[in-house]
2 protein chains.
Amino acid sequence: MRVSLKDVASHAGVSIKTVSNVVNDQPHVTPAMRARVQKSIDELGYRPNLTARHLRKGRTGIVALALPELGNPYFAELAAEVVDAAAEHDYTVLLDHTGGRRDQETLVCQGFRSRVIDGLILSPIELEADDLRERAPVPLVLLGEREYDLPYDHISIDNVAAAREAVRHLIALGRRDIAFLGARRGRSQPAHLRLRGWREELDAAGLVADDRLVAATDGWGHADGAAAMARLLDAGHRLDAVFAYNDLIAIGALRVLSERGLRVPEDVAVVGFDDVVEGRFGAVTLTSISPDKASIARMAVESVLSQLDGVPRQQARRIHAGYTLVHRESTLGHD
Amino acid sequence: MRVSLKDVASHAGVSIKTVSNVVNDQPHVTPAMRARVQKSIDELGYRPNLTARHLRKGRTGIVALALPELGNPYFAELAAEVVDAAAEHDYTVLLDHTGGRRDQETLVCQGFRSRVIDGLILSPIELEADDLRERAPVPLVLLGEREYDLPYDHISIDNVAAAREAVRHLIALGRRDIAFLGARRGRSQPAHLRLRGWREELDAAGLVADDRLVAATDGWGHADGAAAMARLLDAGHRLDAVFAYNDLIAIGALRVLSERGLRVPEDVAVVGFDDVVEGRFGAVTLTSISPDKASIARMAVESVLSQLDGVPRQQARRIHAGYTLVHRESTLGHD
DNA sequence: GTGAAAGCGCTAACAC
DNA sequence: GTGTTAGCGCTTTCAC
């Protein structure tokens, strides 16, 4: 049977309160008393029951992280950062994956597990503002590209600016026919941010943003990128560069390009988004937008914890994390 | 303020117990009563406090998964499977990463968070048997390649057999000088299983297991594989095949091979281990041992839950999950 | 500085 | 079928 505070108290011949004081490092305990209690704790092998503590304090020390999919290394790398950031505040992370499905995302927000987590960090894909009409039962922070007009903090990089920088880089290389891979198929959202950045930068450069060079995908994996690239090539449109929604799509495209005998970057330059490790080790390393994952994670955790301490946000904060464009072979050529 | 069972009870004009019965779907409640209580629940927006429930029941509904690193897609993919497997039993997953460091692994086992989790699934790297001398405070299941003589279930594929199959495949291709990439540098463990499989199969085929063709690495990432491959090539040993400890190392090696102008598989055939998605989309797709991640995850969760229901294991079970060798371009040649 | 007692929200005897 | 009550292990006033 497990040993409780009470057991320690009677073993040490003191009251529960005193033991509690020792356990919680309260100041007003005499050193002698502290030593005596500590001895009992050690002998009995006492360990505090966190569930009970949490019930009492109203906090669990757990924050949930709900991501579309762990299989995508970007999210996996981000999850690792969140775990670290949370650990710095003595918080642990409960992991969910929603599959990017609206029902799952809604469920997670509306208090699924609400009483066992202190807060939620969510990276939504399909979630709509309506799904969040009623206030989330715990502090909530949103991550990622989707934007909502809701009173929740939202942390992301400036997707439009980042996309523009990627396209600008391609244009500077002399490319003119720049495809976009990874527009969402069948989503209501009119133009997501990275696609908008692609369009804006092309417009700004006086080039045409040719919709025939926009390839939609069902998902965001390698296979989706490969399929989209193949479709574009099969359609016979001229193109000399590709800007992909993310690295996985870009890498899928790279594969098809090589199968078709097209050289990267000579024939087609490619830029991805996310800077996943995998992009640094292909036959052609991938130029990519590199979001500052560590600071995204840190800010997300801090947002949750500050909401926990203070009043719930009336006003959403839109926080932009940093990013850089990392130049690699897919736009530079081999050394 | 949050609404509790008591609030619902007084609102509906019934006792707490009745509300509890409704919430927990107990059989003996009249439909009329059930409807009335449900109405109050809905109006008040009641949601059960899981912490309190768990304190009472002694279970939290949470199982921890401690992995070396999420950045490695194998672990990320495995984590996703564990989340799914746990969900089928209405369990959720608390994620940890240990960084493969012994102190972290020990901490996790010895009850770090023990009172808030019902069980632990751990994939150890550096952990030694001594670190587990005193019984873990919750049901524990071990995953992965490390083997211990301890009373805990251990789930993995048959690493020796799988490695032998990989090497056998290489030999069948006519390769004779088969390198092993990814032996652990500076670890006490004399021969880990995949290395042993490499050696055994070479012996069985009457070939020499040349230790000069064994390249140690510090870690298990792309960069480690690239460095090891480069070292081997620089040393000038003749080799016509590579068997890597995992896919990431193999992919790093692939990169170096291509930089050096060596063709895969014509000059050097390569086999990896893990079958991560990434290996299916490189310029050269990667032949790999594919562990049945879903069943590993399922068995791990089931082991924890069965220990929770029954008596703690006196006898460890060593469970082997299935695997297959997936043939791809790195040993087959382009189509 | 230390002790006694209340109560966090829930479940499960047991009584009605 | 439904109500009453004790108590899971802890923290926290409030006395002493």
Side-chain angles (χ1 to χ4, degrees), chain A residues 1-38 40-41 44-62 90 111 113-118 137-138 308, chain B residues 1-38 40-41 44-62 90 111 113-118 137-138 308:
Chain A
M1 201 37 220
R2 276 170 166 172
V3 12
S4 75
L5 263 195
K6 194 159 63 175
D7 300 324
V8 178
S10 66
H11 182 271
V14 298
S15 82
I16 285 183
K17 168 63 175 161
T18 304
V19 182
S20 172
N21 280 340
V22 172
V23 171
N24 294 291
D25 267 326
Q26 296 292 343
H28 301 301
V29 189
T30 55
M33 180 58 91
R34 185 179 297 276
R36 180 161 130 221
V37 171
Q38 189 59 53
S40 293
I41 288 177
L44 265 40
Y46 168 77
R47 325 191 115 264
N49 179 327
L50 298 185
T51 306
R53 177 179 291 174
H54 294 149
L55 172 58
R56 183 63 238 224
K57 311 236 298 195
R59 298 232 187 142
T60 61
I62 298 176
D90 292 318
R113 242 180 263 144
S114 63
R115 294 282 174 113
V116 82
I117 62 175
D118 290 345
V138 292
L308 226 36
Chain B
M1 202 37 218
R2 276 170 167 176
V3 12
S4 75
L5 264 194
K6 195 159 63 175
D7 299 325
V8 178
S10 66
H11 182 270
V14 298
S15 82
I16 284 182
K17 169 63 174 166
T18 304
V19 181
S20 172
N21 280 340
V22 172
V23 171
N24 294 291
D25 268 326
Q26 296 293 342
H28 300 301
V29 189
T30 55
M33 179 58 90
R34 187 179 295 276
R36 180 161 129 219
V37 172
Q38 190 58 52
S40 292
I41 288 177
L44 264 40
Y46 168 77
R47 327 194 113 261
N49 179 326
L50 298 186
T51 306
R53 177 180 292 173
H54 294 150
L55 173 58
R56 184 62 239 230
K57 311 236 292 197
R59 299 235 187 138
T60 62
I62 298 177
D90 291 320
R113 242 180 262 145
S114 64
R115 295 282 174 115
V116 81
I117 63 175
D118 290 345
V138 293
L308 226 36

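All values reported here derive from a predicted model rather than from experimental measurement. Sequence lines set the chain letters: A, B, ... in the order given, protein chains first and strands last, and positions in each chain run from 1.
Not counting sequence neighbours, the partners of R59(A) by the side-chain hydrogen bond (donor to acceptor under 3.5 Å, both in side chains) test are D309(A). Considering only residues two or more places apart in sequence or on other chains, Q26(B) meets the side-chain hydrogen bond (donor to acceptor under 3.5 Å, both in side chains) condition with none of them. The side chain to side chain contact (heavy atoms under 4.5 Å, CB included) test applied to T30(A) returns M33(A), not counting sequence neighbours. Residues forming a side chain to side chain contact (heavy atoms under 4.5 Å, CB included) with K57(A) (at least two apart in sequence, or on another chain): R53(A). For I16(A), the side chain to side chain contact (heavy atoms under 4.5 Å, CB included) criterion is met by L5(A), K6(A), A9(A), not counting sequence neighbours. Residues satisfying the side-chain hydrogen bond (donor to acceptor under 3.5 Å, both in side chains) test with S10(B), not counting sequence neighbours, are none.
For the helix from dG1(C)-dC16(D) to dC16(C)-dG1(D), the end axes, each set by the C1' atoms of five terminal pairs, are bent relative to each other by 40° (nearest 10°).
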### Query
What string of B, S and - do you get for nucleotides 11-16 of chain D 5' to 3' if you count protein non-hydrogen atoms under 4.0 Å?
BBB---

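Residue pairs meeting the salt bridge (Lys or Arg N to Asp or Glu O under 4.0 Å) criterion with at least one partner in residues 10-31 of chain B, sequence neighbours excluded, are D25(B)-R34(B).
Computed from coordinates, the L44(A) CG to dG9(D) C1' distance equals 15 Å when rounded to whole Å. When the P atom of dG9(C) is taken as reference, atom CG of L50(B) falls 13 Å away, rounded to whole Å. The distance between atom CG of L55(A) and atom P of dC8(C), rounded to the nearest whole Å, is 9 Å. Atoms NZ (K6(B)) and P (dT11(C)) sit 15 Å apart, rounded to a whole Å. Rounded to whole angstrom, the span from the CG atom of D7(B) across to the C1' atom of dC8(C) amounts to 13 Å. Atom CZ in R59(B) sits roughly 18 Å away from atom P in dC8(D) (whole-Å rounding). Atom CZ in R47(A) sits about 12 Å away from atom P in dC10(D), given to the nearest Å.
One finds a side-chain N or O of T30(A) lying less than 4.0 angstrom from the OP1 or OP2 phosphate oxygen of dT2(C). A close approach under 4.0 Å does occur between a side-chain nitrogen or oxygen of S15(A) and OP1 or OP2 of dG3(C).
Counting heavy atoms from C-beta outward, N21(A) and V37(A) have side chains that stay 4.5 Å or more apart. Inter-residue side-chain proximity for H11(B) and V8(B) is flagged as unmet; no heavy-atom pair is nearer than 4.5 Å.
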